[in-house]
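So the structure is just underneath, and the comments pick up after that.
Heavy-atom basis, side chains included; hydrogens, waters and symmetry copies ignored. Just so it is clear, the structure is predicted and the values come from calculations on it, not from any experiment.
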Amino acid sequence: MTVASGLLHTARKLTEDATRVVVLSGAGMSAESGVPTFRDAQTGLWERYSPEQLATEEAFRAEPDLVWSWYLWRARMVRACEPNAGHRALGVAQHRCAERGGSLQVVTQNVDDLHERGGAEVLAHLHGSLFEYRCADCDAPAEFDPGTAEAGHMGTEEDLEKMLRTPPPICSQCAHGTLRPGIVWFGEMLPMDAFSSAQTAVEQCDLALVVGTSGLVQPAASLPYRALGSGAAVVEINPEATPLSDDATVTLRGTAAELLPELLLDSSGALS
Ligand code: OAD
């Protein structure tokens, strides 16, 4: 896909002129690393379930083995994936911005760790993390290693069926509750400190780059509008139209791995 060069030029100018940049990322950011987005069809055994059915506390209480297994599967899948050129461009750009006395802050809805592995520090994981666990009853934080899938191989249907019979571990603190993933499920509150740092960041930025989110889940979807309301420019990167597209200052139709390096780095890989 080619992006109209005039739009790319305008977006590059906005990026060059900005001192404080905030990146608001969603599942599309990691799609080219091999992590399916939420609104993509699910694969294999998981075709039978919608993420909305699995990502609730009620589902976990009703079928803990099923929900635990889904998150175990996702954690192993993410471990087998690598950051893409978009994640790496943000890592480089964040360091270069800091060297120039500016800032590039990352606020993500993603529960993977690909921004961090791509070299960028994350200000806020709005929806939690696949690699943090706590007791579903007493709330005590817990250590748990989900393991790793072989690169490019997420297991056979038989492996997944076996995984489905894995109950969540018992909490070592209270000895009766079970562990749950540190994800913000539908119906749960976002971590207040994460959301308030994200709000402050967008209110103070000159430019918000909104990458790979459908903009359908609140309150994360309100952040680009808060940036616009505070006078910042908003550049959207997404191969598809979203509810934000018409309101954004510039919309670039393309992918994160393709466009973020073009927008943020020059041909030698330095910040443009
Ligand atoms: P979605 O799956 O809703 O949307 C992914 C977006 O990424 C879509 O707009 C795609 O067009 C776009 N996209 C796909 N491939 C892309 C690429 N290579 N580069 C850039 N964009 C691409 O994901 P989110 O908006 O992140 O919540 O979903 C928000 C929340 O809904 C998730 O955090 C999750 C989910 O339920 C929780 O788990 C609590």
Practice task
With rounding to the nearest 0.5 Å, note down the distance linking CG in Leu130 to CZ in Arg74.
Solution key: 6.5 Å

Problem - Any donor-acceptor N/O pair, Gln204 side chain to Ala201 backbone, under 3.5 Å - result: no

Practice task
Could you tell me whether a side-chain N or O of Ser30 sits under 3.5 Å from a main-chain N or O of Ala27, the two making a donor and an acceptor?
Solution key: no

Handout entry: Pro239 side chain reached by Arg253 side chain, heavy atoms, under 4.5 Å
Key = no

Handout entry: Qualifying residues under salt bridge (charged side-chain N to carboxylate O under 4.0 Å, His left out), relative to Asp246, sequence neighbours excluded
Key = none

Fill in the blank from the handout: Taking every heavy atom of His87 against every heavy atom of Ser33, the minimum-distance pair comes out as CE1-OG, 3.6 Å

Fill in the blank from the handout: Between Ala220 and His127 the two heavy atoms that sit nearest each other are CB-NE2, 4.4 Å

Problem - Those residues that, when tested against Asp145, pass salt bridge (charged side-chain N to carboxylate O under 4.0 Å, His left out) (two or more places apart) - result: Arg79

Handout entry: Asn238 and Thr251, any side-chain heavy atoms less than 4.5 Å apart
Key = no

Exercise for the section: To the nearest 0.5 Å, tell me how far Asn110 CG sits from Leu126 CG. Expected result: 10.0 Å

Problem - Backbone of Ala241 reached by a side-chain donor or acceptor of Ser245 within 3.5 Å - result: no

Handout entry: Gap between atom SG of Cys81 and atom CZ of Arg117 - 0.5 Å precision
Key = 7.5 Å

Practice task
Show your working on side chain to side chain contact (heavy atoms under 4.5 Å, CB included) between Phe131 and Val111 and close with a plain yes or no.
Solution key: CA-CA 8 Å; Phe131 303 105; Val111 295; over 6 Å; no

Exercise for the section: Ignoring hydrogens and angles, tell me if any N or O in the side chain of Gln109 forms a donor-acceptor pair with the backbone of Gly26 under 3.5 Å. Expected result: no

Handout entry: Reference residue Val23; test side chain to side chain contact (heavy atoms under 4.5 Å, CB included); the match among Val210, Val211, Val235
Key = Val211

Problem - Gap between atom CZ of Arg12 and atom CG of Asp17 - 0.5 Å precision - result: 12.5 Å

Exercise for the section: Could you tell me whether the side chain of Pro141 reaches within less than 4.5 Å of the side chain of Tyr133, counting heavy atoms only? Expected result: no

Handout entry: hydrophobic_cluster_shared for Met29 and Val217, side chain cutoff 4.5 Å
Key = no

Fill in the blank from the handout: Heavy atoms of Ala85 and Ala257 approach each other most closely as CB-O, 3.7 Å

Handout entry: Spatial distance of atom CG (Leu90) from atom CD (Gln105) [nearest 0.5 Å]
Key = 13.0 Å

Problem - Beyond-backbone contact of Pro36 with Met77, side-chain heavy atoms, under 4.5 angstrom - result: yes

Problem - Single-linkage hydrophobic cluster Tyr225~Leu207, side-chain heavy atoms < 4.5 angstrom - result: no

Handout entry: Any side-chain heavy-atom pair of Thr166 and Asp65 under 4.5 Å
Key = no

Practice task
Treating Ile, Leu, Val, Met, Phe, Trp and Tyr as nodes and any side-chain heavy-atom pair under 4.5 angstrom as an edge, say whether Val122 and Phe195 lie in one connected cluster.
Solution key: no

Exercise for the section: Could you tell me if the ring centre of Phe60 sits under 6.0 Å from that of Trp68? Expected result: no

Completion exercise
In short, Gly119 meets His95 closest at the heavy-atom pair O-CE1, 3.4 Å

Problem - Nearest atoms (heavy-atom pairs only) where Ala232 meets Cys205 - result: CB-O, 3.4 Å

Practice task
Kindly indicate whether the side chain of Val35, heavy atoms from C-beta on, has any atom under 4.5 Å from the side chain of Leu114.
Solution key: yes

Output side-chain donor-acceptor pairs under 3.5 Å for residues 168-184, partner residues at least two apart or in another chain, one line each.
unit_1 : atom_1 : unit_2 : atom_2 : d
Arg180 : NH1    : Glu188 : OE2    : 2.9
Arg180 : NH2    : Ile183 : O      : 2.7
Arg180 : NH2    : Glu188 : OE1    : 3.2

Practice task
Only counting residues at least two apart or in another chain, list the ones meeting side-chain hydrogen bond (donor to acceptor under 3.5 Å, both in side chains) with Ser25.
Solution key: Thr108, His115

Problem - Residue of the set Thr213, Val22, Val202, Leu228 for which side chain to side chain contact (heavy atoms under 4.5 Å, CB included) holds with Leu223 - result: Val202

Handout entry: salt bridge (charged side-chain N to carboxylate O under 4.0 Å, His left out) partners for Asp139, two or more places apart
Key = Arg134

Handout entry: Contacts of type salt bridge (charged side-chain N to carboxylate O under 4.0 Å, His left out), residue Glu58, not counting sequence neighbours
Key = none

Practice task
State plainly whether the residues Arg61 and Asp137 are in salt-bridge range, i.e. N to O under 4.0 Å.
Solution key: yes

Exercise for the section: Working to the nearest 0.5 Å, report the span between OG of Ser103 and CZ of Arg20. Expected result: 7.0 Å

Exercise for the section: For Leu54 and Tyr71, work out which heavy atoms get closest and say how close. Expected result: O-CE1, 4.3 Å

Exercise for the section: Before giving the answer on side chain to side chain contact (heavy atoms under 4.5 Å, CB included), spell out for Glu121 and Glu116 the whole-Å C-alpha distance, their side-chain angles and the decisive distance to 0.1 Å. Expected result: CA-CA 6 Å; Glu121 201 178 294; Glu116 289 91 340; over 6 Å; no

Problem - Side chain to side chain, Val106 and Leu123, heavy atoms closer than 4.5 Å - result: no

Handout entry: Any donor-acceptor N/O pair, Gln218 side chain to Ser222 backbone, under 3.5 Å
Key = yes

Practice task
Have a look at Leu209 and tell me which of Val234, Leu264, Leu24 forms a side chain to side chain contact (heavy atoms under 4.5 Å, CB included) with it.
Solution key: Leu264

Exercise for the section: Evaluate the side-chain proximity of Leu252 to Val250: yes if any heavy-atom separation is below 4.5 Å, no if none is. Expected result: yes

Practice task
Keeping the roles fixed (side chain from Arg76, backbone from Pro146), state whether a donor-acceptor pair exists under 3.5 Å.
Solution key: yes

Handout entry: Residue Glu143 excluded, over 12 heavy atoms near CD under 6.0 Å
Key = no

